[in-house]
Amino acid sequence: MDSLRNPFSPGAGSPPYELAGRDTVVNDVMTAIRRTALGRSSKHMVLMGLRGVGKTVLLGDIRRRAESEGQVVVLIEAPEDRSLPALLSPLLRLALLKISRTEAARELAYRGLRVLAGFVSATKVKYSDIEVTLDLEPEQGTADIGDLEHDLADVIEAVGEAAKGSCKALVIMIDELQYLPATQLGPLVAALHRCSQNQLPVTLVGAGLPNIRGHLGNSKTYAERLFDFRSISTLTPDATRDAVIKPLAAEGVGITTDALDRIVSDTHGYPYFIQEFGKHAWDVAEHTPVTLQDVEAAREFAEATLDASFFGVRFDRVSTSEREYLRAMAELGPGPHQSADIAIAMGKSVQAVAPIRSRLIQKGMLWSPSHGEVAFTVPMFDEYLRRIMK
Ligand SMILES: Nc1ncnc2c1ncn2[C@@H]1O[C@H](COP(=O)(O)OP(=O)(O)O)[C@@H](O)[C@H]1O
Ligand SMILES: [Mg+2]
């Protein structure tokens, strides 16, 4: 069918036509945000899951909803190479400018900007990637001692006070939270803690790989009770059907039951795979309804595209020794696997391969579900590796 009208959207962060099966988590996060705006206590929400399950598009959806309610949202993606102060500062500035449009909060917003000016000039010494400059007289003695733990709490508190003045919540959204180093995660958690102690309407909505639970837990002794961790995983068969039927129906196209069942079983309900299968089934089909034969023919295209993009981009980023490690893991099956078993499979000692293992964890290729164990962060990565190793 006409590829111009193809309603599927495979791709990292590409919003699907239908955000299937996520109503509960979206509602819970929205409730937390609204409670925060009202000055009621609520936990910070952390969405955790493997790659391609839909964390980024969930954050995007929540952001749109929160902004349409007038909440003050800052959304950043923590990349491997930029610091939290550098990412956050320009967005906090925008947030304060937005708040300053509310008459009742104007003075607090201007004060926030002066605190931010002090924060930026004090923090620049250590985090030289900060690019924003604020042409304002900094407020002396707040957020300007040059210690992130102290200053970040001051600055977020000042923005929180301004948000409170405008009766809105400050919603800090951070994607790929697992990439924040402990030296920045700890201060962030401390800042959130200070805001809740002072009953300021500041809330975090984070997303990342499943290991962020451990990172957050290790960052501060009180961290565990500040956060509500939600696992984002595969869609149920019914939600998978919705994710396929609804975009097709919007284009006046149907799909047979056996074709739908095949998409459910072939994708295991992984959102990224659903989009890719849907896209190719559409391209292969000549007219409505999409049939089982179409889906069968689409499978090869879908897999080839996934191999080249979703799986391939990750595999391209690893060194030769890291590849050997991943290959040995893949031979052992889907995992999680004991580090010791992988070392044995490679014919090496656990100590010898430990640095490779940590690099792969750092790169976000692997995560450690429990002590001595590792697993892939990409669903069905073992099958991919076995496919390309043949
Ligand atoms: N609930 C959903 N229903 C249908 N498709 C989804 C859903 N969530 C995500 N997707 C699709 O899955 C793909 C991956 O989403 P993304 O948010 O980038 O995942 P993650 O951030 O977890 O790696 C995108 O193509 C997106 O359109
Ligand atoms: Mg993502």
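Quick note: residue numbers are just sequence positions, from 1. Keep in mind that the numbers below use all heavy atoms, side chains included, and drop hydrogens, waters and symmetry copies. Order of appearance sets the numbers: ligands from 1, and atoms from 1 within every ligand.
Of the residues His215, His44, His193, the one that meets the ring-ring contact (aromatic ring centres under 6.0 Å, His included) test with Phe227 is His44.
Judged by the shortest distance from any of its heavy atoms, Gly52 lies inside the 4.0 Å radius around the atoms of ligand 1. Heavy atoms of Leu58 come nearer than 4.0 angstrom to ligand 1 in no pair at all. Residue contact check for ligand 1: Ile274 places no non-hydrogen atom closer than 4.0 Å to it.
We find that Glu107 and Arg111 are not joined by a salt bridge, their nearest charged nitrogen and carboxylate oxygen being 4.0 Å or further apart.
For the pair Arg323 and Phe315, the cation-pi test (distance below 6.0 Å, angle within 45°) is passed.
Of all protein heavy atoms, the one lying nearest to atom 7 (C) of ligand 1 is Pro271 CB, 3.7 Å. Looking only at protein heavy atoms, the nearest one to atom 27 (O) of ligand 1 is Ser14 O, 2.5 Å. Considering only non-hydrogen protein atoms, atom 14 (C) of ligand 1 sits nearest to Tyr272 CD1, 3.6 Å. For atom 17 (O) of ligand 1, the closest non-hydrogen atom of the protein is Val57 N, 2.9 Å. For atom 24 (C) of ligand 1, the closest heavy atom belonging to the protein is Gly11 O, 3.2 Å. At the top of the distance list for atom 25 (O) of ligand 1, counting protein heavy atoms only, stands Ser9 O, 2.7 Å.
For ligand 1, none of its N or O atoms has an N or O atom of Pro15 under 3.5 Å away. At a 3.5 angstrom cut-off on N or O pairs, Gly13 counts as close to ligand 1. Checking only distances, Gly54 does come within under 3.5 Å of ligand 1, N or O to N or O.
Comparing Lys246, Lys55, Gln275, Arg22 by heavy-atom distance to atom 11 (C) of ligand 1, the nearest is Gln275. Checking Ala207, Ala20, Gly269 against atom 1 (N) of ligand 1, the nearest heavy atom belongs to Ala20.
In Glu296, the CD atom is crowded: over 12 heavy atoms of neighbouring residues, nucleotides or ligands sit closer than 6.0 Å. Around CD of Glu300, the count of heavy atoms belonging to other residues, nucleotides or ligands within 6.0 Å does not exceed 12.
Arg82 and Ala86 make their closest contact through NH2-CB, 3.5 Å (heavy atoms, listed as atom of the first residue, atom of the second, distance). In terms of heavy atoms, Ala239 sits closest to Ala20 at O-CB, 3.3 Å.
Near Leu50, meaning under 4.0 Å from any of its heavy atoms, are these atoms of ligand 1: 22 (O).
Atoms CG and CD1, from Leu59 and Ile76 in turn, are 11.0 Å apart once rounded to the nearest 0.5 Å.
Aromatic rings from Phe310 and Phe273 are positioned such that their centres are separated by under 6.0 Å.
Put simply, the side chain of Ser68 gets close to the backbone of Arg65: a donor and an acceptor are under 3.5 Å apart.
Residue contacts with ligand 1, taken as heavy atom pairs separated by less than 4.0 Å, involve Pro10 solely via the backbone atoms N, CA, C and O. Under 4.0 angstrom from ligand 1, there are no non-hydrogen atoms of Asp175.
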